[in-house]
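Below is one structure; the comments refer to it alone.
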Amino acid sequence: MTIHIYNTLTGKKERLEPLEPNHVKLYVCGITSYDFCHIGHARSALAFDMIVKYLRYRNYKVTYVRNFTDIDDKIINRAAEQNTSSFELADRFIHEFYTDMDRLGIDRPDMEPKATEHIQEMVQIISELIDKGMAYQAGNDVYYAVETFSEYGKLSRRNLEDMQAGARISVNEMKRNPMDFVLWKGSKPGEPKWDSPWGEGRPGWHIECSAMSRKYLGNTFDIHGGGKDLIFPHHENEIAQSEGANGCSFVKTWIHHGFVTIRDEKMSKSLNNFLTIRDLLEHYHPEILRFFVFSTHYRNPLDFSELAMQDATAGLERLYAAIAAVDALTTDGRSDSDSVITDKDRQQMLSIEERFQKAMDNDFNSAQAQSVLFDAAKSINRILQGLPPEPASDDLVFLHATRDLVKKLAAIMGLLEEDAQTFLDAQKQKMLSAIDMDEVTIDNLIEERRLARSTKNWARSDEIRDELLAHNIELKDGPEGTSWTVKRTS
RNA sequence: GGCGGCGUAGCCAAGUGGCCAAGGCAGUGGUCUGCAAAACCAUUAUUCAGCGGUUCGACUCCGCUCGCCGCCUCCA
């Protein structure tokens, strides 16, 4: 089996064939650091985190580069508003970015270059483009001449005529063609600036990715990723710059993930409907966010809602509950007990990893892969159900092995990484803090009910249970006594 | 206006032409239980927005219609 990936450039799913055997070189556009990250940024980071983890699980060596845009108009403007320098502002939000990413359990890329540390490399590429007649200086700016790149528009499937018909292009008399884009911007007084052959200034947005990907991954590399909104103009312009300067193919496979939406609309600052990662983590465990994100294929829109998060919570708790139940088993069974595990169960367990891989090989279909985890949890629960008080040691070995496999596969999505019982207890505490009940009161009532039950005083027993239920506490009588959970409302 | 995508059960969501259209949440019946809860078993779309076409056969391919969304300006 081989991995197939949807390539935006060709519009097809293609077999992954790294240019260098077994070594995938990946470049992802990171954030512009001028504000806290929202859940759209989280989706991007999570999607590529999952992709990299899966490729490594499949024994590929991965070189993963993700940049920081730490100089740009938004940063300069925001810094001016806050009476700070663009450097300090960018640094601060890079720091905040790491805080969020760490909480989400996202692995650091292998390299995280910053634009401001690669000005020379950018100047170099711009010079090459000017030498080739593909870029020109106009005033203090340097522009890319899109007409010199015959394939301009190949990624976003549009042509220069159509785009100009769109007529949403700002008029700039310096440009030879309205679609020409800036490579180097002359600086205005007070703005951050670097020396260049064209005077003091700063780089345009797109050039940093061409310069940094070339430096760290070479002229041609395997995969370049980002959000769908980067297809045009950002990635289109990167192709024009890199292929123009290098004279060879830039990227083999382009991966673009879908947006996070709220009420089916894209989150955006202008609509003021965005949620920051830390806002969300106030209310939900990071793995719940991960579960939610991976419950939809990465290219489809992901609609955020409280209900969706509750569904994700219920789903993740179900998986953790199955793991916790196996964790709670003793490890030494009886060698002379009969096995309760059927051949069908064994077969299903053997197929779990294969089915998981089949789903993930198909353009990283994490939604389908999750369903395999649920099937495994169901099998575990079914076996547990039929387990005698003194289970066969072979059956215990089987259950522990199944649990370990489920955890190994879930880890590719960053799920089930916590101790299961600890996770469930923490969720219970979180629910408890939202209602007007404390543990001591609950325990006292459970004890009173235990006494009532021991005398078969069912009336009082049920009264206590109903009273607790009125406070959303649900009781569960088991062989080892009574436990409780906080019932989910709404 | 140009380009791209989506429309699958009450909700969410997979489905790379052909065994009964995954899985989750919710619901219903049963097992278990003093009664419950959890779990398990069963059940819940003769049908995949609508209409045509290609095919022995389409949710899957093609065309048209309707509805929704995105990009074309900064954006994950």
Side-chain angles (χ1 to χ4, degrees), chain A residues 4 6 8 11-13 28-32 37-48 72-74 153 156-159 161-170 179 205 225-234 236 256-261 264-270 274 291-292 295-297 299-303 305 307-308 310-316 318-319 321-322 325 355 358-359 361-363 365-375 377-378 380-386 453 456-459 461-462 465-466 469 474-478 482-485 487-488:
Chain A
H4 285 72
Y6 180 87
T8 308
K12 292 186 197 119
K13 278 183 200 171
V28 174
C29 289
I31 59 158
T32 298
C37 288
H38 55 62
I39 53 180
H41 297 114
R43 184 184 199 187
S44 178
L46 286 167
F48 290 105
D72 130 294
D73 287 351
K74 290 191 295 294
S156 53
R157 283 166 231 284
R158 48 188 92 188
N159 59 58
E161 294 76 55
D162 289 345
M163 285 188 277
Q164 286 168 46
R168 284 173 80 177
I169 305 147
S170 60
M179 293 310 296
W205 174 34
K228 277 192 157 119
D229 46 358
L230 297 182
I231 295 172
F232 189 90
H234 186 54
E236 196 70 71
H256 292 98
H257 65 260
F259 302 126
V260 177
T261 59
D264 292 325
E265 281 185 318
K266 182 184 171 186
M267 283 200 313
S268 74
K269 306 241 161 170
S270 55
F274 63 93
F291 185 96
F292 166 66
S295 66
T296 296
H297 183 85
R299 276 190 285 118
N300 291 339
L302 178 67
D303 197 46
S305 67
L307 180 65
Q310 277 172 27
D311 281 359
T313 304
L316 185 61
R318 180 173 160 79
L319 293 178
R355 290 201 294 141
K358 195 175 168 195
D361 278 357
N362 183 15
D363 198 25
N365 194 333
S366 58
Q368 196 168 55
Q370 277 187 347
S371 77
V372 178
L373 300 180
F374 279 105
D375 285 346
K378 181 169 276 197
I380 288 173
N381 285 332
R382 186 171 48 235
I383 293 165
L384 286 170
Q385 181 110 348
R453 293 181 79 215
K456 297 201 191 303
N457 183 353
W458 306 128
S461 166
D462 291 353
R465 191 180 62 206
D466 291 346
L469 193 57
E474 237 167 18
L475 296 183
K476 182 176 163 186
D477 298 323
T482 300
S483 60
W484 55 272
T485 54
K487 196 177 156 196
R488 209 165 294 288

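Note that this is a predicted model, so its numbers are computed, not measured. In what follows, chains are A, B, ... by sequence order, proteins preceding strands, each numbered from 1.
- Under the 30°/60° scheme for interplanar angles, the aromatic rings of A:F48 and A:H257 are found to stand perpendicular.
- Base pairing of B:G63: its partner is B:C51, meeting the Watson-Crick or G-U wobble criterion (both donor-acceptor distances under 3.5 Å).
- When each of B:C25, B:A14, B:G4 is scored by its nearest atom to the side-chain atoms of A:R157, the top-ranked nucleotide is B:G4.
- Ring-base stacking between A:F374 and B:G23 is not satisfied when judged by a centre separation under 5.5 Å and a plane angle under 30°.
- Partner of A:N362 under the side chain to side chain donor-acceptor pair (under 3.5 Å) criterion, chosen from A:Q368, A:K13, A:H4: A:K13.
- Between A:R299 atom CZ and B:G4 atom C1' the separation is 12 Å, expressed in whole Å.
- One distance of note links OG1 of A:T32 with NE2 of A:H41; it measures 7.5 Å at 0.5 Å rounding.
- Put simply, the side chain of A:R318 and the base of B:G24 share no donor and acceptor less than 3.5 Å apart.
- Atoms CG (A:L373) and C1' (B:A22) sit 13 Å apart, rounded to a whole Å.
- Going from the P atom of B:A13 to that of B:C69 covers 15 Å, rounded to whole Å.
- OP1 or OP2 of B:G15 has at least one side-chain nitrogen or oxygen of A:N365 nearer than 4.0 Å.
- Checking A:D477 against A:S156, the closest nucleotide of RNA chain B that is more toward the 5' end is the one next to A:S156.
- For B:G34, its base sits under 3.5 Å from the side chain of A:S461 at one donor and acceptor pair at least.
- Nucleotide B:C19: unpaired (no Watson-Crick or G-U wobble partner with both distances less than 3.5 Å).
- Considering only the side chain of A:D311, B:C25 comes nearest among B:C35, B:C71, B:C25.
- With a 4.5 Å cut-off on side-chain heavy atoms, A:N365 and A:H297 count as touching.
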